[in-house]
Number of protein chains: 2
Amino acid sequence: MTKYLFTLLLFLLCTAGFSQDKNEDMIRKIYDEALANGQSYEMLEYLTTRIGHRLSGSPQAAAAVEWTRQQMEQLGFDTVFLQPVMVPHWVRGEKEVVRLINSSTYGSRELHSLALGNSVGSGPQGVSAEIVEVQNFDELDKLGKAGIQGKIVFFNRPMDPKLIHTFQAYGGAVNQRGQGASRAAAYGAVAVLVRSMASNNDDVPHTGSLRYDPNQPQIPAVAISTNDANLLSDVLKKEGSARVYLETHCEMLPDILSYNVIGEIRGTQNKEEYIVVGGHLDSWDVGQGAHDDGSGCVQAIEAVRILKSLNYKPKHSIRAVMFMNEENGLRGGREYAAQASTLGQPHIAAIESDAGGFTPRGFTITGNEAQTAKLKSWGQWLAPYGLHDLGSPGGGADIGPLRESGTVLFGLRPDSQRYFNYHHTEEDTFDKIDKRELELGAAAMSALIYLIDSEGL
Amino acid sequence: MTKYLFTLLLFLLCTAGFSQDKNEDMIRKIYDEALANGQSYEMLEYLTTRIGHRLSGSPQAAAAVEWTRQQMEQLGFDTVFLQPVMVPHWVRGEKEVVRLINSSTYGSRELHSLALGNSVGSGPQGVSAEIVEVQNFDELDKLGKAGIQGKIVFFNRPMDPKLIHTFQAYGGAVNQRGQGASRAAAYGAVAVLVRSMASNNDDVPHTGSLRYDPNQPQIPAVAISTNDANLLSDVLKKEGSARVYLETHCEMLPDILSYNVIGEIRGTQNKEEYIVVGGHLDSWDVGQGAHDDGSGCVQAIEAVRILKSLNYKPKHSIRAVMFMNEENGLRGGREYAAQASTLGQPHIAAIESDAGGFTPRGFTITGNEAQTAKLKSWGQWLAPYGLHDLGSPGGGADIGPLRESGTVLFGLRPDSQRYFNYHHTEEDTFDKIDKRELELGAAAMSALIYLIDSEGL
C-alpha cells in the first residue's frame, strides 16, 4: 500500500512536472513561430494599405470581408464562412467645416474637425451660433435652457493625463462624445463641438460614435482637435464670447448587408465547444484602421495559424472571428452571440484584441474568481514574455454579448500610451505599427488559446 | 511594562502603516507632476531638434554641454558644474561609399552604408576586393589566412528575432561590429562589412563603435543595412562570388577637452553621500540621438526636477549627471568614477537611463542579494505604474565604473521592441519619441531615487 502510494505520488509529481515543461515548451514554440515566421505584419500591410479604411457599409468593408475570407482559406483553416449581418450605413459626405468667426484674437479661421459617427448633417446651409463651453453634464444642467437654447455647446473636458492606463482616461471623457449631443439638444442647443478624445495635443481631430437619445432632437456633432479646443477655450476666456460656423454633410442611409468572417479549425475532443479569438474588421472612415482594429484581426488569424503550423490538435474547436460594425453599432458582435445561442454552440472562452498593436502587457478577464485565479496562475508561463498584467477586469466590445451565455471573456492588453494619439484619426496608419510588437500580441493570444484549450478554465 | 510594550507595538505598527502610505502618496505625486507638468519632452525637443546629434568632440557636443548646464541652473539646482574630461575625437569625413560591382543579378549598385565609429578611412583610393561571408568567428577561423587574405570579410549574423528582449539579441550579434575588423585583419582581410545591428529589415544602416586590437593592422569597417546585407548574401549564393568597392574618409583626431555636466540638490542628512541619476549626452553623428540617449539625459534632469518641485528634502545629495563619450570611449563614465574615488565621495546608488525613451517596464540592478530583494519588494509601490520587471541583472555603461567602490547600479528598463529599429541611425529622431512614454520613464527614475533615499538600500 505504501509502495502503491509512493508510486502514485511519483506519477503525480512527474506528470505535474511534465505538464509544466510541456506548457513552457509549447509557448516557446508559439513565440518562435510568431517572431521567426510571422505573417501578421504582411497581412496587416495588405489590409491597411491596399484596402484602406473600411467603415461598415463601405466598399472597402466589403473588400475586407472577401480578403479575410480568402486569407483564411489560403491558410488552410478547416472551415471558413461568412455570417450575414445587417449593419448601419453612415456616410460622412463632403468634408465638414468648423470655422471660428471674427475672433479679435485669432480672426476667422478653420478649426481641424471631424463629424462624429452616426451624427446628422447640418445641411449645406450650416449652423452659425454662439459657443458655450462646459466641462461636464453638471455644468450643462446648471446652464439649463436659459444658457444653452440656440447655442453650440462645446464639451471640453480633456482626458486625464495623470491616469497611467490611457483607456481609463478615455473612459472618463468619452461620455461627452457619446451622449453630449442629445444632452445638449434637450436644452435647445443647435449643435455640439467635442474636444477630441486624445492623449496628446495636436491638430488631429478624432472621430468616434455618438448615440442619439430617441426622445431628443438630433443635432450635428463634430470633434475638433485638442489644439483647436484649447484655442477656442482661449477665445472664450479672452473675449468673453465666440461664434462658430459649422457645416456637416453626414447621412444615415438604410441598413445594408455585411458579414462577420469566421475561420475555424476543428477540435479533436470537445469539438462542439468553441474558443473564439477575434478583432473587428470595420474601422472609421479616416486613416487605415491599423491599430483600430486591423491589428486585432490579423493577430486573431495569426494566433490560429501559429497553432496550425505547429500541428497542434486542439481539444476544442478554435475560431478566428472578424467582427463587423464594432465602431458604430456592434451588430456583428450581437449577431455572432445570437447565432451561437440559436445553434446551441457553447463558447467556453472568447479573446479579443482591440486595444492596438502595441507590445502586449497582459490580459483582462470577465469570469468568476476561480477563472481569474487560473489566469493569474498562468503567469508562470506568460510572464517570461512580458505578460505581467493578468486578471484586471475587461474583455472586448465584440465578444461582450457572448457573456450572457457564460463565456469567459479575455482582452489582450497592450501598452496603452500611444493608442489615443492615433485612435479614430487620419494618423491610424500602417507605418505606426511595429512588426515585433504586432507579432508578440499574436503570440500572446495564441499562447492563451493553447492554455485554455489544454488546461481548461 | 506590558503597557509600554503595547504602546511601542502600536507606535511601530502605525509608523509602518504610515510608511507604506507615505511611499504610495509620494510616488503618486511624482507621477502626477511628471504627467501633468512634465518638462522632459520640451527639453528633449530642444536638445534633439535645435542642437542635433552630438558626437564627442563635435561642436554640437559642446553646445549640448552648455545647454544642459544652463537648463539645470534655470531649474534652480543647488549646484551645477562641469567636470572636464579628455575625449576621443573621431570624425566620419566625407560620406562613405560601398558599391557592389558587376553583379550579374543586381548590376553595380550602391549599398546603404555607414562607417563604424573609431574606424580608419580607406582614403580616397578606396578598397576593391572579393567578399567572403561569415556568420561568426568560428567560420572566420576555419577559413583562415588562405580564405581571407586580400578579401573583404562580410559579417552577416542577424540579431536573433526569437529573443523577447531585443538587447539580448543585440548582445548576441554585436561582437561582429566590435571585434570583427581586428579578427579579420589577423588573417589579412583588407576591410570588413558588418550587417547592421537591427531588429528590422530596411535600408537604414546602423553605426556603432569598434575596438581595434593593438596587435593587428587597422582596416576600414563599414555597416550596411539589413536589406543590403540580405542582397549581398543573395549575390554570393546565386553567383558564387561578389566584389565590392569601399571608400571611407574617417579619421581619429587628437583627444579633445569636453565635460560631464553635473547638477546637484544637496542632502539634508547624509549630504556627503550621493545618489546619481544619469544618461549620456553624446550621441552618434547621424540622426538626433533622441532615444540614444537624449531621452536618458532629459529624464535624469526631470527626475531631479520633480523631487525639487514637490519640495522633497532628500537625506542624501542627489545628482543628475550627463555623461560624455559613452558611445566611443566611455571616458566620461570613467572620469566621473575616478573623481568620486579621489574626492572620497561615497555613491550609494547610481541609476542610468540608456535604453530608449519607451514605456518603462522596470529596473535592472547590480547589487547583492539583499539589495536585489529590496528592489523587488518595492514592486508593491512600482507595479501600479507598470514597473513589473524588477531585479534582472544590469545597470548602465556610464555608471559601470562606480561599481568598483560598491555603488549599487540600476538601469531603467523600457520596452525594448522598437529600440533597434532606430539605434545609431539617421532615424533616431525626436518624432520617434512619445511624450507620455518619456515622462513615465522620468517618473519611474524619480520614484526610485525617492525610495532609495528614504528607504535605504
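Proteins come first, then strands; the chains are lettered A, B, ... in the order of their sequence lines, and each starts at number 1.
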* **Neighbour count above 12 (heavy atom, 6.0 Å) for A:K374 NZ** => yes
* Interatomic distance, B:R361 atom CZ to A:R361 atom CZ [nearest 0.5 angstrom] -> 3.5 Å
* What is the distance from atom CG of B:D415 to atom CZ of A:F358, rounded to the nearest 0.5 Å? -> 11.0 Å
* **Max heavy-atom pair count under 4.5 Å with chain B, selected residue of A:P161, A:A36, A:A34** => A:P161
* Any residue of residues 382-391 of chain B which, by heavy atoms, sits under 4.5 Å from chain A -> B:P384, B:Y385, B:G386, B:H388
* To do: Tell me the residues of residues 422-443 of chain B whose non-hydrogen atoms fall below 4.5 Å from those of chain A, in number order.
  => B:D434, B:R436, B:E437, B:L440
* Side chain, backbone, both or neither: which part of B:D32 has a non-hydrogen atom closer than 4.5 Å to chain A? -> both
* Intermediate values then yes/no, side chain to side chain contact (heavy atoms under 4.5 Å, CB included), B:I164 and A:L35 -> CA-CA 9 Å; B:I164 304 304; A:L35 293 167; 3.8 Å; yes
* Asked: Looking at A:Q417, A:H165, A:E33, which makes the most heavy-atom pairs under 4.5 Å with chain B?
  -> A:Q417
